[in-house]
Amino acid sequence: MMRVVVIRHHGVDSAGFIGDAFEARGADLAVHLLPDDGPLPAFDGADHIVVLGAIASVNDPEPWIAEELDWLRAADQAGVPVLGICFGAQALCAALGGRVEAMQRKEIGWVRVDSLDHGIIPAGPWLEFHGDRCLLPAGVEVLARNEVAVQAFRIGRHLAVQFHPEVDSPQLKRWLDGGGTQEMERQGLDADQFLADTIREEPAARARADRLVAAALDLAGQLAGFAPAEPGPLPGQDRR
């Protein structure tokens, strides 16, 4: 059985569609809440790591952030592939020689990206909710971008995405209730519309997340033996 370690940073967060896609391939998810659950778990015996988002910036001085960056460097040295999502992507970037900087304006909402490899990263739309962006180290393969940030990249066996492929409407509602609505209002954005868009996008978002996990396993050389039957067209694909 494939063992996947999932690192989350808030009690309201879950691996969502990404977790479902790993479980559909027979994975057992070991979920760790950092820093509440204590030091990060050993990753020996893990087949894959998923690092989710966080309100904090990678540049914040909290001790758990430095711990996580060291842990990711150790995972890289051990050859354990990582799927980094939003903060997780930024942490992977910073851990492996890049930098993270604040943007002038947060990127929030459903966004289509300029994909450089549609087999790995479909154009979307993808759910975005971030205020930092990655400045990648040399030699990293950019897989998608838009006018404000690199949206996906590959470092060795690791795959990192700036957007949130895991989020469904209940997850977004928890974010909005926990301060996201006020943040959107400060940006002049409509939280109710964002939630309605997320409900509408759920079937296609689930399918895109499944394809993203298949791509992550493929990049890590793990696809054989784990992938289910080839998925059909993305819901609504003929309209995009």
Side-chain angles (χ1 to χ4, degrees), residues 1-11 13-15 18-19 21-23 25-101 120 130 132-143 150 152-162 164-166 212-226:
M1 175 179 290
M2 177 167 41
R3 180 171 178 263
V4 178
V5 176
V6 177
I7 306 302
R8 59 183 186 139
H9 306 95
H10 308 290
D13 290 353
S14 78
I18 292 294
F22 273 109
E23 289 179 328
R25 290 163 171 79
D28 176 55
L29 304 186
V31 181
H32 184 92
L33 178 61
L34 184 70
D36 298 45
D37 288 346
L40 285 159
F43 46 72
D44 51 314
D47 294 293
H48 219 101
I49 293 168
V50 177
V51 181
L52 299 177
I55 294 174
S57 168
V58 167
N59 297 318
D60 289 345
E62 281 83 352
W64 66 264
I65 296 177
E67 176 194 353
E68 186 163 330
L69 297 186
D70 287 342
W71 187 77
L72 287 170
R73 280 187 282 267
D76 177 64
Q77 288 295 313
V80 182
V82 178
L83 173 57
I85 296 172
C86 198
F87 174 91
Q90 296 161 7
L92 197 58
C93 172
L96 299 182
R99 295 186 295 115
V100 174
E101 67 175 9
I120 301 175
H130 67 106
D132 286 354
R133 63 184 172 190
C134 294
L135 302 178
L136 299 176
V140 173
E141 181 182 2
V142 175
L143 299 172
V150 171
F153 58 93
R154 175 188 182 182
I155 301 181
R157 301 179 74 201
H158 314 306
L159 177 62
V161 297
Q162 185 58 73
H164 284 278
E166 81 282 15
L212 188 68
V213 167
L217 292 171
D218 193 20
L219 291 175
Q222 297 173 317
L223 191 59
F226 290 133

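Excluded from the calculations below are hydrogen atoms, water molecules and symmetry mates; all remaining heavy atoms, backbone and side chain alike, are included. Quick note: residue numbers are just sequence positions, from 1. Nothing here was measured: the structure is a model prediction, and the numbers come from that model.
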Validation row: Ile49, Leu83 side chains within 4.5 angstrom (heavy atoms): no
Non-hydrogen side-chain atoms of Pro41 and Ile7 separated by less than 4.5 Å: yes
Check: Arg133 and Val150 side chains under 4.5 Å, non-hydrogen atoms: no
Pairwise distance CE(Met2) to CD(Glu23) - rounded to 0.5 angstrom: 10.0 Å
Backbone N/O of Cys86 and side chain of His130: donor-acceptor pair under 3.5 Å: no
Pro39 to His32 - nearest heavy-atom pair and separation: O-CE1, 3.1 Å
Minimal non-hydrogen separation, Val82 against His158, with atom names: N-ND1, 3.0 Å
Interatomic spacing from CG in Leu96 to CG in Leu69 - rounded to 0.5 Å: 9.0 Å
Side chains of Ser14 and Glu166 in contact at under 4.5 Å (non-hydrogen atoms): no
Donor-acceptor contacts under 3.5 Å from residues 50-66 side chains, at least two apart:
| unit_1 | atom_1 | unit_2 | atom_2 | d |
| --- | --- | --- | --- | --- |
| Ser57 | OG | Asn59 | N | 3.1 |
| Ser57 | OG | Asp132 | OD2 | 2.7 |
| Asn59 | ND2 | Val100 | O | 2.7 |
| Asp60 | OD2 | Ser57 | N | 3.0 |

Side-chain touch Leu219/Arg154, heavy atoms, less than 4.5 angstrom: yes
Step-by-step side-chain contact (heavy atoms from CB on, under 4.5 Å) determination, Arg157 to Val80: CA-CA 8 Å; Arg157 301 179 74 201; Val80 182; over 6 Å; no
Minimum side-chain heavy-atom gap Leu159-Leu143 below 4.5 Å: yes
From Leu92 atom CG to Arg73 atom CZ, the distance as rounded to the nearest 0.5 Å: 11.0 Å
Closest approach of Ala91 to Leu72 (non-hydrogen atoms, all atoms of both residues): CB-CD1, 3.7 Å
Ala21 to Val213 - nearest heavy-atom pair and separation: CB-CG2, 3.6 Å
Enclosure of Arg99 CZ (heavy-atom neighbours >12, cutoff 6.0 Å): no
Mutual orientation of the aromatic rings belonging to His48 and Phe22 [parallel < 30°, tilted 30-60°, perpendicular > 60°]: tilted
Arg8 vs Val31 side-chain heavy atoms within contact, under 4.5 Å: yes
Working for side-chain contact (heavy atoms from CB on, under 4.5 Å), residues Leu135 and Cys93: CA-CA 8 Å; Leu135 302 178; Cys93 172; 5.7 Å; no
Evaluation steps, side-chain hydrogen bond (donor to acceptor under 3.5 Å, both in side chains), between Glu68 and His9: CA-CA 11 Å; Glu68 186 163 330; His9 306 95; 2.8 Å; yes
Gap between atom CD1 of Ile120 and atom CZ of Phe153 - 0.5 Å precision: 13.5 Å
For Gln162 against Cys134, the heavy-atom pair lying closest together: OE1-SG, 4.2 Å
Heavy-atom pair with the smallest gap, counting every atom of Ala78 and Phe43: CB-CE1, 3.6 Å
Residues that Glu67 engages under side chain to side chain donor-acceptor pair (under 3.5 Å), provided they are two or more places apart: none
